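Small disclaimer: the values here were computed from a predicted structure and weren't measured.
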Amino acid sequence: MSAKETMVEVMRADNLVHIATIDSDGMPCVRGVDYAAGDKENILYFVTRKDSRKIGHLAVNGQIAFAIDHDCPTWKDLSNLKYIKGTGTATPIKDPVEIQTAFGLLMKKFPFLSDLPGDPSDFSVIKVELKKILVSDNTISFGHTEQVNF
């Protein structure tokens, strides 16, 4: 399996991406968000409140770092782990058609998001374009990592 195929496999299999943004003091802020993979292999979508710190950070600097992985309670789990990390750009979507597409992908993966408290207008859909991805695959060898660029 190629590194790009492994990357897509990880993106389709997992639910949580850890996103790092930079605050106004230059400090990194990391949080996990539920995401859905887009139609292109380097696109992710997530939804957040318009008044969230994420939106404020992205308005100043849309560059992000990310990681998609999961815990491994046993050595067997760790030896089979595949995960990705890297950098990209995150921007709120303005195009209504793309917003509907993204919401459709998110609702299909996470039906409970239809019960988010508040009015839908309180939320923003964020598009993450992954640029530099480090794909790690412990099934090849422990810590084996290859780079994929977009």
Side-chain angles (χ1 to χ4, degrees), residues 1-73 77-78 80-138 145-150:
M1 180 178 291
S2 74
K4 191 179 276 188
E5 290 169 327
T6 300
M7 176 197 80
V8 170
E9 176 187 350
V10 169
M11 288 170 52
R12 301 270 182 230
D14 290 319
N15 293 327
L16 192 66
V17 59
H18 300 278
I19 299 281
T21 59
I22 302 295
D23 73 12
S24 60
D25 294 325
M27 294 299 296
C29 299
V30 179
R31 78 280 286 156
V33 293
D34 294 329
Y35 73 90
D39 292 335
K40 293 182 181 176
E41 46 195 23
N42 69 320
I43 301 295
L44 302 177
Y45 295 105
F46 68 88
V47 65
T48 189
R49 291 190 59 86
K50 287 182 178 178
D51 60 357
S52 72
R53 289 184 342 152
K54 288 183 286 299
I55 293 294
H57 296 172
L58 295 175
V60 174
N61 184 348
Q63 301 302 306
I64 57 101
F66 73 91
I68 299 174
D69 61 9
H70 58 272
D71 67 329
C72 296
D77 294 331
L78 185 59
N80 289 312
L81 180 64
K82 298 176 184 181
Y83 57 99
I84 63 175
K85 56 196 171 281
T87 59
T89 305
T91 53
I93 302 171
K94 303 294 183 207
D95 176 46
V97 173
E98 189 173 12
I99 289 171
Q100 284 303 109
T101 299
F103 259 120
L105 293 168
L106 286 159
M107 294 303 161
K108 182 177 180 183
K109 189 171 181 182
F110 304 105
F112 67 86
L113 289 179
S114 64
D115 295 328
L116 283 172
D119 189 76
S121 66
D122 295 337
F123 295 90
S124 184
V125 178
I126 307 299
K127 177 181 187 176
V128 179
E129 294 181 68
L130 307 178
K131 304 288 185 185
K132 177 181 172 185
I133 299 110
L134 299 173
V135 181
S136 296
D137 186 347
N138 288 351
T145 302
E146 295 179 48
Q147 187 169 312
V148 175
N149 294 309
F150 287 92

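- Relative to the six-membered ring of Phe46, Lys127 misses at least one condition, a distance below 6.0 Å or an angle of at most 45° to the axis.
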Run the side-chain donor-acceptor check on residues 51-58: report pairs under 3.5 Å with partners two or more places apart or on a different chain.
| unit_1 | atom_1 | unit_2 | atom_2 | d |
| --- | --- | --- | --- | --- |
| Asp51 | OD1 | Arg49 | NE | 3.2 |
| Ser52 | OG | Thr48 | OG1 | 3.2 |
| Ser52 | OG | Arg49 | O | 3.0 |
| Ser52 | OG | Lys54 | N | 3.4 |
| Ser52 | OG | Ile55 | N | 3.3 |
| Lys54 | NZ | Thr48 | OG1 | 3.1 |
| His57 | ND1 | Thr21 | OG1 | 2.7 |

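- Side-chain atoms of Lys109 come within 3.5 Å of backbone N or O of Tyr35 as a donor-acceptor pair.
- Residues satisfying the side chain to side chain contact (heavy atoms under 4.5 Å, CB included) test with Asp119, not counting sequence neighbours, are Ser121, Asp122.
- Sorted by first then second residue, the ring pair (Phe, Tyr, Trp, His ring centres under 6.0 Å) pairs that include residues 103-123, not counting sequence neighbours, are Phe110-Phe112.
- To the nearest 0.5 Å, atoms OG (Ser136) and NZ (Lys82) are separated by 12.0 Å.
- Asp34 and Leu106 make their closest contact through O-CD2, 4.4 Å (heavy atoms, listed as atom of the first residue, atom of the second, distance).
- To the nearest 0.5 Å, atom OG of residue Ser124 and atom CD1 of residue Ile99 are 7.0 Å apart.
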Working for side-chain contact (heavy atoms from CB on, under 4.5 Å), residues Val128 and Ile64: CA-CA 9 Å; Val128 179; Ile64 57 101; 3.9 Å; yes
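- Heavy-atom neighbours of Lys50 NZ from other residues, nucleotides or ligands within 6.0 Å: above the threshold of 12.
- In plain terms, the two heavy atoms of Ala3 and Val148 that are nearest each other are CB-CG2, 3.8 Å.
- Nearest heavy atom pair, residue Ile126 against residue Pro92, reads CD1-CA, 3.7 Å.
- If you take CG on Leu81 and CG on Asp71, they are separated by 9.5 Å, rounding to the nearest 0.5 Å.
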Anything under 3.5 Å between a donor and an acceptor, one on a side chain of residues 37-45, the other on a protein residue two or more places apart or in another chain? List them.
| unit_1 | atom_1 | unit_2 | atom_2 | d |
| --- | --- | --- | --- | --- |
| Glu41 | OE2 | Lys4 | NZ | 3.2 |
| Asn42 | ND2 | Leu130 | O | 3.2 |
| Tyr45 | OH | Glu98 | OE2 | 2.9 |

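- Atom CD1 in Ile84 sits 6.5 Å away from atom CE in Met7 (nearest 0.5 Å).
- Between the CD atom of Gln100 and the CG atom of Asp95 there is a distance of 10.0 Å, given to the nearest 0.5 Å.
- Under the salt bridge (charged side-chain N to carboxylate O under 4.0 Å, His left out) criterion, Arg12 pairs with no residue, sequence neighbours left out.
- In terms of the salt bridge (charged side-chain N to carboxylate O under 4.0 Å, His left out) criterion, Asp77 has no residue partners (sequence neighbours excluded).
- Put simply, the side chain of Asp14 never gets that close to the backbone of Leu16: no donor and acceptor are under 3.5 Å apart.
- Distance OG1/Thr145 to CD1/Ile133: 13.0 Å, rounded to 0.5 Å.
- When side chains are defined from C-beta on, Lys131 counts as touching Thr89, because their heavy atoms get closer than 4.5 Å.
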